[in-house]
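Remarks on the structure that follows.
Residue numbers start from 1 in every chain, and the chains themselves are labelled A, B, ... in the order their sequence lines are given, proteins ahead of strands.
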Amino acid sequence: MLEELLERAEAHIPKGYDPTLYKIRHSVAHIMAQAVVERFPDAKPTIGPPIEDRFYYDFEMSKPPHEDDLAWIEDRMREIIKGRHRFEVREVTHEEALALFEDNPYKIELIEELISQNGATPLTVYQHDSFIDLCRGPHLPHTGYIKPNGIKLLSIAGAYWRGDAKRTQLTRIYGTAWKNRTQLDEFLRHIEEAKARDHRVLGRKLELFMFSDKVGPGLPMWLPAGATLRETLIDFLRNEQLRRGYEHVSAPHIGHLDLYKTSGHYPYYSDSQFPAMETHEMDGYLLKPMNCPHHVLMYAHKRRSYRDLPVKLAEFGQVYRYEQTGELGGLTRVRGFTVDDGHIFCRHDQVEEEIRDCVDLALQVLSALDFKDFSVQLSLRDPDNHEKYTGSEENWNASEEAMRRVVDEMNLDTHEELGEAAFYGPKIDFKVRDALGRSWQLGTVQLDYNLPERFDLWYTGADDQHHRPAMIHRAPFGSLERFIGVLIEHCAGAFPFWLAPEQVRVMSISERFVDYAREVLDKLQQDGLRATLDVRSEKIGYKIREAQLLKIPYMVVIGAREVEQNHISVRARSGDDLGSMSMDSFLEFIHKERFPSMNGGSD
RNA sequence: GCCAACGUAGCUCAGUGGUAGAGCAGCUCACUCGUAAUGAGCAGGUCGCCGGUUCAAGUCCGGCCGUUGGCUCCA
């Protein structure tokens, strides 16, 4: 019977999670709860699961713990661990459970929910030392399995009960626990290293972008180096889109409120919009939160024949969304950003092929920037809540099927996520992790039967009748800002040569070689390279160090030998001295790096 | 928006009631140098903003602004 209980508990460990670590963290969470309750007798424990690399426990408490409280709790946890207390599991009846936790409304709520879900199945409680908790397990046999120096409390945060902002805000304490001290130190070192590749830190060091209170939170300004990065990425994608039959358009940054009423975006999105501008006209104008309605109007500005389709309109369009203050962060969540937006208007029989092309483009973008570790999410409707979505059942089923077929055919390792679809249609989302392991949605492909309906779009078919086109929204980068933020962390600021804001820096060893250095710079620039000159009267080691910190791909050193042989000396940012060579051999050497690799996607 | 921490020179940070500090960056001068930091000197701050306590506030209290982490990988 005990065996069976333990076996059942083991089944709750998520796949891919080291079972020992899971049990350690789960057990340490209980131990922490015990220490917290000892320190704050009024604290009511709610839930405390292991999560990736760490664990947390949420409490209702009148006063959040202070830093010295955390230190006390951590010390007390080590004491408890040393007590080698057994984790005793036992089954309890519903009545027993309700009685055990009668003074804890959160546990009562959980118990009642479990009863209504699982009916007669008995609940389990785990007890160690003085602490007993409603818990499905699993846990370690006793606290002696935990290394006291393998645990650490990390931070305090507010968290809403059941994630619902309308309910009580609880105090969440995060901690981590590992099999031993070495593993813990490694984890902590990993966090420190991640900070060094944080795009906000690198953005400052490499002078890519800045923020200013005078402009406003979440409104990045691109400095010269960052702007170059942006423009280069835009050129890359624009060329690729031209190859794929897109036409580029451009729309204003504001639009009349009526536009967004027709599109259905207003007022449903009013929370995340900058307030409408007051004008002497009736309803005023809205800072555009998305480009779709503009592109829809451009599609509709003339009669379209079935022969014209697909019509593919693309724009690097600046949009503004009023994200909650607490959500803002660096470039990954901002209030003004550029969507590499594109809208495809096509016949229903073209939908699948067009989706495939969009996915192919998104994959090509990821591949050109060497993103290998991304996940593909197929975002579908919430099956229990179809009212949240617009459009016919028929269209939805067809859309979801079409998308599923595309990812299957393209052999993408995809996970389906219910309830994550847009209100107008299913999506294929590409997600990449940042330096801290947080996952961000970058590229997206979305199918939409709603906007064509709302704007009454049509084309003339072969039968001379009006037909409704389908619409695909897609953005391979997602937003330039977020993409660049994640990209900076991905390559730790060492951008591939074709993308590097500064590709080559020419530096003279002394003032005697300045003229020749200028000549070299001129040739590089004539060849279209982004090159600069450093002829300050500093030692060459100092100049190299600076260029190295800026992660400039190639450094060209000019001294007596080079002038004499009409050569240049080249050093790569990897630290490799590539030796002396002629200008032509250098240009030939870097030729293959000058353009993004085109072997992405399914070509 | 909510919880917590933080906000001092361009950057990284020290300074817990008694006349604002360091390193790096910057500027000036000297050095003319061979692959990750030459030396000396100078300059640089309404201590985020507003108010309060005090003989005295960067430091204590309150409000605001901003930044960072977190806000269902569900017993």
| task | Using a heavy-atom cut-off of under 4.0 Å over every strand shown, decide if A:Tyr174 touches base, sugar-phosphate, or nothing. | result | sugar-phosphate
| query | When you check the phosphate oxygens OP1 and OP2 of B:A25, does a side-chain N or O of A:Tyr542 lie under 4.0 Å from one of them? | reply | yes
| query | Which value, in whole Å, describes the distance between the C1' atoms of nucleotides B:C49 and B:G7? | reply | 11 Å
| task | Take atom C1' in B:A40 and the same atom in B:G52, then report the distance between them in whole Å. | result | 48 Å
| Expected output: side-chain A:Gln503 to main-chain A:Phe497 donor-acceptor under 3.5 Å | yes
| request: Write down the partner of B:G1 under the Watson-Crick or G-U wobble criteria, each distance required to be under 3.5 Å. | output: B:C71
| said: Only pairs with both distances under 3.5 Å count, Watson-Crick or wobble alike; so what is the partner of B:C60 in this structure? | reply: B:G52
| task | Give one of base, sugar-phosphate or nothing for A:Ala560, where a contact means two heavy atoms less than 4.0 Å apart. | result | base
| remark: Separation of B:C74 atom P from A:Ile51 atom CD1, nearest Å, is 9 Å
| message | Using the P atom as the point on both nucleotides, what is the distance between B:U16 and B:C61, in whole Å? | response | 15 Å
| query | Hey, what's the ring geometry for A:His139 with A:Phe87, parallel, tilted or perpendicular (30° and 60° as the breaks)? | reply | parallel
| task | Would you confirm whether the ring centroid of A:Phe101 sits within less than 6.0 angstrom of the ring centroid of A:Tyr106? | result | no
| said: With rounding to the closest Å, how many angstrom separate the C1' atoms on B:G17 and B:C13? | reply: 22 Å
| message | Does B:C74 have its OP1 or OP2 closer than 4.0 Å to a side-chain nitrogen or oxygen of A:Arg136? | response | no
| Partner nucleotide, any strand, of B:C27 [Watson-Crick/G-U, under 3.5 Å] | B:G41
| Which nucleotide in B:G1, B:A36, B:G34 has an atom nearest any side-chain atom of A:Glu327 | B:G1
| request: Please tell me which of A:Asp577 and A:Ile156 maps to the more 5' nucleotide of RNA chain B, matching each residue to the nucleotide holding its nearest heavy atom. | output: A:Asp577
| message | Assuming nearest nucleotide by heavy-atom distance, tell me which of A:His26 and A:Leu170 is located more 5' along RNA chain B. | response | A:Leu170
| What is the distance, rounded to the nearest whole Å, between atom CZ of A:Arg172 and atom P of B:U72? | 6 Å
| field | Minimum-distance nucleotide (side-chain atoms of A:Glu562 versus B:A36, B:G34, B:U32) | value | B:G34
| Length of the line joining A:Lys205:NZ and B:C24:P, which is rounded to integer Å | 16 Å
| request: Among the candidates B:G26, B:C33, B:U35, find the nucleotide nearest to the side-chain atoms of A:Ile509. | output: B:C33
| request: Scan nucleotides 60-68 of chain B nucleotide by nucleotide, 5' to 3', and note B when protein non-hydrogen atoms come under 4.0 Å of the base, S if they reach only the sugar-phosphate, - if neither. | output: ------SSS
| query | For the residue pair A:His85 and A:His128, does the interplanar ring angle fall in the parallel (under 30°), tilted (30 to 60°) or perpendicular (over 60°) class? | reply | tilted
| field | A:His190 atom NE2, over 12 foreign heavy atoms within 6.0 Å | value | no
| task | Decide yes or no, distance alone: a donor-acceptor N/O pair under 3.5 angstrom between the base of B:G1 and the side-chain of A:Tyr160. | result | yes
| task | Measure from NZ on A:Lys539 to C1' on B:U32 and round the result to the nearest Å. | result | 11 Å
| Between P of B:A5 and CG of A:Leu70, the distance in whole Å | 10 Å
| For the residue pair A:Phe187 and A:Trp178, does the interplanar ring angle fall in the parallel (under 30°), tilted (30 to 60°) or perpendicular (over 60°) class? | tilted
| message | For a quick check of understanding: with a heavy-atom distance under 4.0 Å over all strands, which category does A:Thr171 fall into, base, sugar-phosphate or nothing? | response | nothing
| said: Taking A:Leu170's backbone N and O only, do any of them form a donor-acceptor pair with A:Thr168's side chain (distance below 3.5 Å, no angle check)? | reply: no
| Is the CG atom of A:Asp413 crowded by more than 12 outside heavy atoms at less than 6.0 Å? | no
| field | Length of the line joining A:Lys543:NZ and B:U35:P, which is rounded to integer Å | value | 14 Å
| said: Looking at B:A36, I'd like to know if its phosphate oxygens (OP1 or OP2) sit under 4.0 Å from a side-chain N or O belonging to A:Arg573. | reply: no
| Touch class at under 4.0 angstrom, heavy-atom based, for A:Ala157 against every strand present | base
| message | For A:Tyr126 and A:Phe131, I'd like to know if the aromatic rings sit close, meaning centre-to-centre distance below 6.0 Å. | response | no
| request: Would you mind pulling out the nucleotide paired to B:G7, Watson-Crick or G-U wobble, both distances under 3.5 Å? | output: B:C65
| query | Does the pair A:Lys107/A:Glu112 count as a salt bridge with the N-to-O cut at 4.0 Å? | reply | no
| message | So if I take every side-chain heavy atom of A:Arg545 and compare against B:A75, B:A37, B:U32, which nucleotide ends up nearest? | response | B:A37
| field | Separation of the C1' atoms in B:U54 and B:C60, to the nearest angstrom | value | 9 Å
| request: Rounded to the nearest angstrom, tell me the gap between atom CG in A:Asp515 and atom P in B:U32. | output: 19 Å
| Taking the same atom, P, in B:C42 and in B:A36, what whole-Å distance lies between them? | 32 Å
| request: Have a look at A:Glu538 and say if it touches a base, only the backbone sugar-phosphate, or nothing, with a 4.0 Å heavy-atom cut-off. | output: base
| task | Kindly write out the residues that satisfy side chain to side chain contact (heavy atoms under 4.5 Å, CB included) with A:Tyr17, not counting sequence neighbours, or none if the list is empty. | result | A:Ile13, A:Pro14, A:Leu21, A:Tyr22, A:Arg25, A:Pro50
| task | Indicate yes or no for a side-chain donor-acceptor contact from A:Arg197 to the backbone of A:Glu489 under 3.5 Å, with no hydrogens or angles considered. | result | yes
| request: Measure the distance from NE2 on A:His66 to C1' on B:A4 and round it to the nearest whole Å. | output: 10 Å
What N/O pairs connect the protein and nucleotides 10-14 of chain B at under 3.5 Å? Give each pair on its own line.
| residue | atom | partner | partner atom | Å |
| --- | --- | --- | --- | --- |
| B:U12 | OP1 | A:Arg204 | NH1 | 2.8 |

| said: Centroid separation under 6.0 Å, is that true for the rings of A:Tyr57 and A:Phe55? | reply: no
| B:C50 and B:U46, which share atom name C1', separated by this distance in whole Å | 13 Å
| Which value, in whole Å, describes the distance between the P atoms of nucleotides B:A43 and B:C27? | 16 Å
